[in-house]
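For reference, the structure is listed below as structure tokens.
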Protein chains: 14
Amino acid sequence: MDSTTLIAFASILTAGFTTAIGCVAPALAEGKAIVAALQAIAQQPDASSTTTRTLFVGLAMIESTCIYCLVISMILIFANPFWNHIIAK
Amino acid sequence: MDSTTLIAFASILTAGFTTAIGCVAPALAEGKAIVAALQAIAQQPDASSTTTRTLFVGLAMIESTCIYCLVISMILIFANPFWNHIIAK
Amino acid sequence: MDSTTLIAFASILTAGFTTAIGCVAPALAEGKAIVAALQAIAQQPDASSTTTRTLFVGLAMIESTCIYCLVISMILIFANPFWNHIIAK
Amino acid sequence: MDSTTLIAFASILTAGFTTAIGCVAPALAEGKAIVAALQAIAQQPDASSTTTRTLFVGLAMIESTCIYCLVISMILIFANPFWNHIIAK
Amino acid sequence: MDSTTLIAFASILTAGFTTAIGCVAPALAEGKAIVAALQAIAQQPDASSTTTRTLFVGLAMIESTCIYCLVISMILIFANPFWNHIIAK
Amino acid sequence: MDSTTLIAFASILTAGFTTAIGCVAPALAEGKAIVAALQAIAQQPDASSTTTRTLFVGLAMIESTCIYCLVISMILIFANPFWNHIIAK
Amino acid sequence: MDSTTLIAFASILTAGFTTAIGCVAPALAEGKAIVAALQAIAQQPDASSTTTRTLFVGLAMIESTCIYCLVISMILIFANPFWNHIIAK
Amino acid sequence: MDSTTLIAFASILTAGFTTAIGCVAPALAEGKAIVAALQAIAQQPDASSTTTRTLFVGLAMIESTCIYCLVISMILIFANPFWNHIIAK
Amino acid sequence: MDSTTLIAFASILTAGFTTAIGCVAPALAEGKAIVAALQAIAQQPDASSTTTRTLFVGLAMIESTCIYCLVISMILIFANPFWNHIIAK
Amino acid sequence: MDSTTLIAFASILTAGFTTAIGCVAPALAEGKAIVAALQAIAQQPDASSTTTRTLFVGLAMIESTCIYCLVISMILIFANPFWNHIIAK
Amino acid sequence: MDSTTLIAFASILTAGFTTAIGCVAPALAEGKAIVAALQAIAQQPDASSTTTRTLFVGLAMIESTCIYCLVISMILIFANPFWNHIIAK
Amino acid sequence: MDSTTLIAFASILTAGFTTAIGCVAPALAEGKAIVAALQAIAQQPDASSTTTRTLFVGLAMIESTCIYCLVISMILIFANPFWNHIIAK
Amino acid sequence: MDSTTLIAFASILTAGFTTAIGCVAPALAEGKAIVAALQAIAQQPDASSTTTRTLFVGLAMIESTCIYCLVISMILIFANPFWNHIIAK
Amino acid sequence: MDSTTLIAFASILTAGFTTAIGCVAPALAEGKAIVAALQAIAQQPDASSTTTRTLFVGLAMIESTCIYCLVISMILIFANPFWNHIIAK
């Protein structure tokens with residue numbers, strides 16, 4: 001098992017599981033936020049514009065944590081400095 | 001166990017489990033969102049259009065985290081830069 | 001343990017467990033959605049058509065995450081590019 | 001440990017545990033759905049026909065995820081392409 | 001450790017644990033369904049015939065997931081194609 | 001470690017743990033069912049005959065999943081086809 | 001490590017843990033049943049005879065799952081066919 | 001590591017952990033039963049004799065599962081047939 | 001690693017963890033019992049003598065499961081038949 | 001790794017973790033007891049003497065399980081018969 | 001496996017999982033905060049400005065813990081002193 | 001790996017994790033006690049002196065379990081009899 | 001694997017996971033504190049200044065535990081005495 | 001792997017994880033305490049001085065368990081007697 005293979009091996013595993021684990025919590029959190037938004041609409045239909053705006057800001061914040069993981073995965077697949085160093089050698 | 005085999009081994013495992021783990025949370029979150037939507041409809045049948053619209057936007061957001069994992073899996077199966085590097089060698 | 005065997009080994013394991021893990025959450029989520037639908041019908045029998053329609057759209061969304069896993073499993077069993085590369089060699 | 005043995009080993013383990021794990025969630029989800037149906041009947045005996053119909057559609061949807069796992073298990077036992085390739089060799 | 005032994009080893013382990021794991025969820029789900037049925041009878045003694053019928057249909061559905069696991073176990077013990085192939089060789 | 005020993009080793013372990021794991025869920029489920037029956041009797045002493053009959057049918061259904069595991073254990077100890085094949089050889 | 005030792009090793013471990021694991025759930029389930037019986041007596045002291053009878057039938061059913069595990073343990077210690085075969089050889 | 005040592009090793013470990021694991025659930029279950037008894041006494045001081053009697057019968061039933069584990073442990077330490085066979089050899 | 005060392009190694013580990021694990025559940029159960037006693041006293045100060053007596057009997061029963069583990073630990077440290085056999089040899 | 005080192009290794013690990021694990025449950029249980037005492041005082045300030053006395057007796061009982069673990073640890077560190085036997089040899 | 005490879009291996013794994021694990025809790029916490037904000041708006045639409053301001057300050061605090069993990073990951077990928085030392089050698 | 005190193009290795013690991021694990025439960029328990037105290041003060045501001053005194057006694061009791069772990073850690077780092085024996089040799 | 005590599009390996013892993021694990025609890029705790037603050041504002045808009053001040057003090061206390069972990073990570077990456085000792089050698 | 005490396009390896013790992021694990025519970029406990037304080041202020045704004053004082057005393061107590069872990073970590077990094085003994089040799 002030479003260096004190239006090992007780096008590729010680690011990058012593939014890490015890229016996959018980082019995204020997989022990193023999507024668990026945002027999905028659950030978004031689900032809860034949407035549940036709360038639907039309950040708020042059912043409780044006060046008049047404030048639906050404020051509710052919707054707060055919901056979208058919140059979803060964007062939560063989605064950002066998910067994006068961080070995706071970014072790390074993409075860096076590990078397409079812009080991995082360790083891989084570049086190894087194959088340049 | 002040569003390099004080609006190991007990279008293929010890692011890619012297969014990661015592709016499968018990334019999608020499998022990445023689908024757990026979205027499915028649960030979508031379930032909760034639909035539960036909340038059904039309760040909101042039962043509580044306020046008049047606001048069903050707002051409820052449905054918010055539900056669909058929310059489901060799309062949650063589904064997106066699931067799609068990220070599927071995309072990573074598909075990249076690992078069909079557009080894997082490490083695999084391409086190894087078999088090109 | 002030659003390459004062919006290892007790739008087959010990984011594909012079999014991954015195909016099985018991807019579907020197995022990927023079916024846990026959708027089944028639970030569908031169960032919750034149906035529970036909510038039954039409660040909504042019991043609470044407001046008049047809105048049963050809206051309830052049923054929302055339920056079916058929701059079940060389709062949840063089932064989709066389950067189908068993704070099944071698709072990955074099927075690709076790994078019947079259209080596995082790594083396996084094809086190995087046995088073509 | 002030659003190739004034939006290893007493929008058979010993996011197929012047996014995967015076939016068994018795929019069905020075992022894949023039956024956990026559907027059983028629990030069906031249990032919850034039946035609980036909700038029984039409560040709905042106890043709460044509104046008049047809507048029992050709608051309740052029963054929704055329950056059966058829901059049970060069929062949940063059972064489908066269980067069937068997917070069984071299908072994968074059966075494919076791995078009786079129509080396994082990797083096994084066929086190995087023993088044909 | 002020759003091939004025959006390994007296949008037998010895997011078949012015994014898988015057969016036992018498939019049934020063991022596969023019986024956990026149905027037992028719990030049946031327990032919940034019976035709990036709900038008893039509560040429904042206590043709440044509405046008049047609808048006990050509908051309750052009982054729904055309960056029995058539900059128990060049959062849940063028991064089916066348990067039977068799938070038992071079937072896989074029995075196939076692995078008494079009609080195992082991999083075992084038959086090995087001992088025929 | 002010859003074949004006989006390994007098969008016996010696997011059979012002993014599997015027989016024990018199959019029964020042990022397989023008894024967890026039925027015991028808990030029966031406990032819940034009895035709890036519900038006692039509450040139903042306390043709530044409606046008049047319907048105690050229906051309650052008792054439903055309870056006994058339910059306990060029999062739950063006990064059946066436990067019996068499946070015991071049957072698999074007994075087959076593995078006293079009618080194990082793999083063991084018979086090995087010691088006949 | 002000869003065959004006799006290994007079989008004895010497995011039998012001791014399995015016998016102990018089968019009983020240990022198999023006693024967890026019955027103890028908890030009996031505890032819940034007794035809790036429910038005490039609450040039922042506190043709620044309806046008049047129906048204490050029915051309560052007590054149902055409790056004892058239930059405790060016997062739950063205890064039976066515990067006894068199954070004890071029986072398997074005792075068979076493995078004092079009537080183990082694999083051990084008898086090995087030491088007879 | 002000769003046979004005597006291994007059998008002693010397994011017996012010590014199993015004896016200890018069987019009792020340790022086997023005491024977890026009875027202790028918790030007895031705690032719950034006592035909690036329920038104390039609540040029942042606080043709720044209906046007049047029925048304290050029935051409560052106390054049911055509590056003691058229940059504690060005896062729960063304690064029995066704990067005793068089974070202790071008995072297995074004691075058999076493994078002081079009347080272990082495998083140990084007797086080995087040291088007699 | 002000779003026999004004496006291994007037996008001592010196993011005895012030390014088992015003695016420690018048996019007591020450690022065996023004290024978890026009794027401590028929690030006693031905590032719950034005391035909580036219930038304090039609530040019962042706050043609810044019915046007049047029945048404090050009955051409450052206290054039932055509490056002490058219950059604490060003694062729970063403490064007994066803890067003592068069993070301590071006894072096994074002490075036997076393994078100070079009256080271990082396997083250790084005596086080994087060092088006598 | 002000679003005998004002295006291994007015995008010391010096991011004693012250090014066991015002494016530390018026995019106390020660590022053995023302190024988890026008593027701390028939680030004492031926390032719950034104090035919570036209940038504070039609630040009882042807030043609910044019935046007049047019975048604070050009875051509450052306090054019952055609390056202190058209960059804390060002593062719970063602390064005793066913690067002390068057992070500390071005693072085992074101290075025996076293993078300062079009065080370990082296995083260690084004394086080894087270094088005396 | 002030389003030094004360069006091992007350091008790269010560890011850096012890739014750690015960078016990925018640090019971000020993945022570090023995003024779980026902030027996402028869940030932000031979800032809860034947004035749920036509370038939506039409920040507060042539904043309960044007191046008049047105080048929506050105070051609610052929104054407190055929400056945003058809180059989201060920033062929670063996001064900071066997520067950023068710490070991302071910073072550690074980025075340091076490990078792009079400014080890793082151990083990697084620099086190794087490749088400088 | 002000589003004896004000195006192994007003893008130091010075990011002592012470092014055990015000292016750290018004993019304190020780490022041993023601080024989990026006391027911290028949570030103290031948190032609950034303080035929560036209860038704050039609620040009691042909010043409910044009955046007049047009994048705040050009794051509440052505060054009971055809280056401080058309780059915190060001292062809980063803190064004691066934490067101190068036990070710290071003491072064991074300190075003994076293992078600064079007064080370790082096994083280490084002293086080894087380095088004296 | 002020489003000393004330098006191993007120390008770097010351990011430092012990278014520990015630095016990453018210390019921050020990752022150490023950020024889980026503060027994020028959740030801050031989320032709960034913000035939830036409580038939002039509920040307090042919705043319940044008593046008049047006391048919002050006291051609420052906000054207490055919230056900020058509390059967030060600072062919670063954030064401090066997170067900072068401790070970050071500090072340990074930074075020390076391990078940039079001021080590691082073991083690393084300095086090794087590379088100075 | 002010589003002694004110096006192993007001691008450094010263990011010290012780094014233990015120092016990091018001791019602080020990481022040791023910060024989990026205090027952060028959660030402080031979060032709960034702050035939640036209770038905010039609720040108490042919202043419920044009784046008049047007693048805010050008593051509430052705040054009790055909160056700060058409690059936070060100090062909880063923070064102390066966190067500090068113990070940090071102290072152990074710092075001792076292991078900067079005043080480690082085992083490390084000093086090894087490098088002095």
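Quick note on labels: first sequence line is chain A, next is B, and so on, each numbered from 1.
- Within the 4.5 angstrom heavy-atom criterion, no atom of Asp46(G) approaches chain F.
- For the atom pair SG of Cys23(F) and CG of Leu70(G), the computed distance is 11.0 Å after rounding to the nearest 0.5 Å.
- Here the side chains of Glu63(F) and Thr65(G) are in contact, with some heavy-atom distance below 4.5 Å.
- Contact residues of residues 11-18 of chain F toward chain G are Ser11(F), Ile12(F), Leu13(F), Ala15(F), Gly16(F), Phe17(F) (heavy-atom distance under 4.5 Å).
- Side-chain contact between Val24(G) and Val24(F): absent, with no pair of heavy atoms (C-beta onward) separated by less than 4.5 Å.
- Neither the backbone nor the side chain of Val35(G) comes within contact range of chain F; no heavy atom of the residue lies under 4.5 Å from a heavy atom of that chain.
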Point to revise | Residues Ile75(G), Met74(F); criterion side chain to side chain contact (heavy atoms under 4.5 Å, CB included); working and verdict | key: CA-CA 10 Å; Ile75(G) 288 174; Met74(F) 287 301 174; 4.0 Å; yes
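- Taking CD1 of Ile41(F) as the reference point, atom OG of Ser48(G) lies at 11.5 Å (rounded to 0.5 Å).
- Contact between Pro26(G) and Ala27(F) at its shortest, heavy atoms only, is N-CB, 3.7 Å.
- In this structure, Gln39(F) CD and Gln43(G) CD are separated by 8.0 Å, a value rounded to the nearest 0.5 Å.
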Check your understanding: Can you list the steps and then say if Ile72(G) with Ser73(F) is a side chain to side chain contact (heavy atoms under 4.5 Å, CB included)?
Key -> CA-CA 8 Å; Ile72(G) 295 284; Ser73(F) 288; 4.1 Å; yes
Practice item. Evaluate the side chain to side chain contact (heavy atoms under 4.5 Å, CB included) criterion for residues Thr4(G) and Thr5(F): first the C-alpha distance (whole Å), next the side-chain angles of each, then the deciding distance (0.1 Å), finally the verdict. Key: CA-CA 8 Å; Thr4(G) 321; Thr5(F) 313; over 6 Å; no
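- Contact of Ile7(G) with chain F is made through backbone and side chain together, with heavy-atom distances under 4.5 Å.
- Proximity to chain G (any heavy atom under 4.5 Å) is shown, for Leu28(F), by both the backbone and the side chain.
- Minimum interatomic distance between Cys69(G) and Ala20(F) (heavy atoms only, all atoms of both residues): SG-CA, 3.9 Å.
- Closest heavy-atom contact between Leu38(F) and Ala37(G): CD1-N, 3.6 Å.
- If you tally non-hydrogen atom pairs under 4.5 Å between each of Thr19(G), Thr51(G), Leu55(G) and chain F, the highest count goes to Thr51(G).
- Under the rule for a ring-ring contact (aromatic ring centres under 6.0 Å, His included), the partners of Phe82(G) that lie at least two apart in sequence or sit in another chain are Trp83(F).
- Across all non-hydrogen atoms, the minimal contact from Pro45(F) to Gln44(G) is CG-OE1, 3.0 Å.
- Considering only heavy atoms from C-beta on, Ile34(F) comes within 4.5 Å of Ile62(G) through its side chain.
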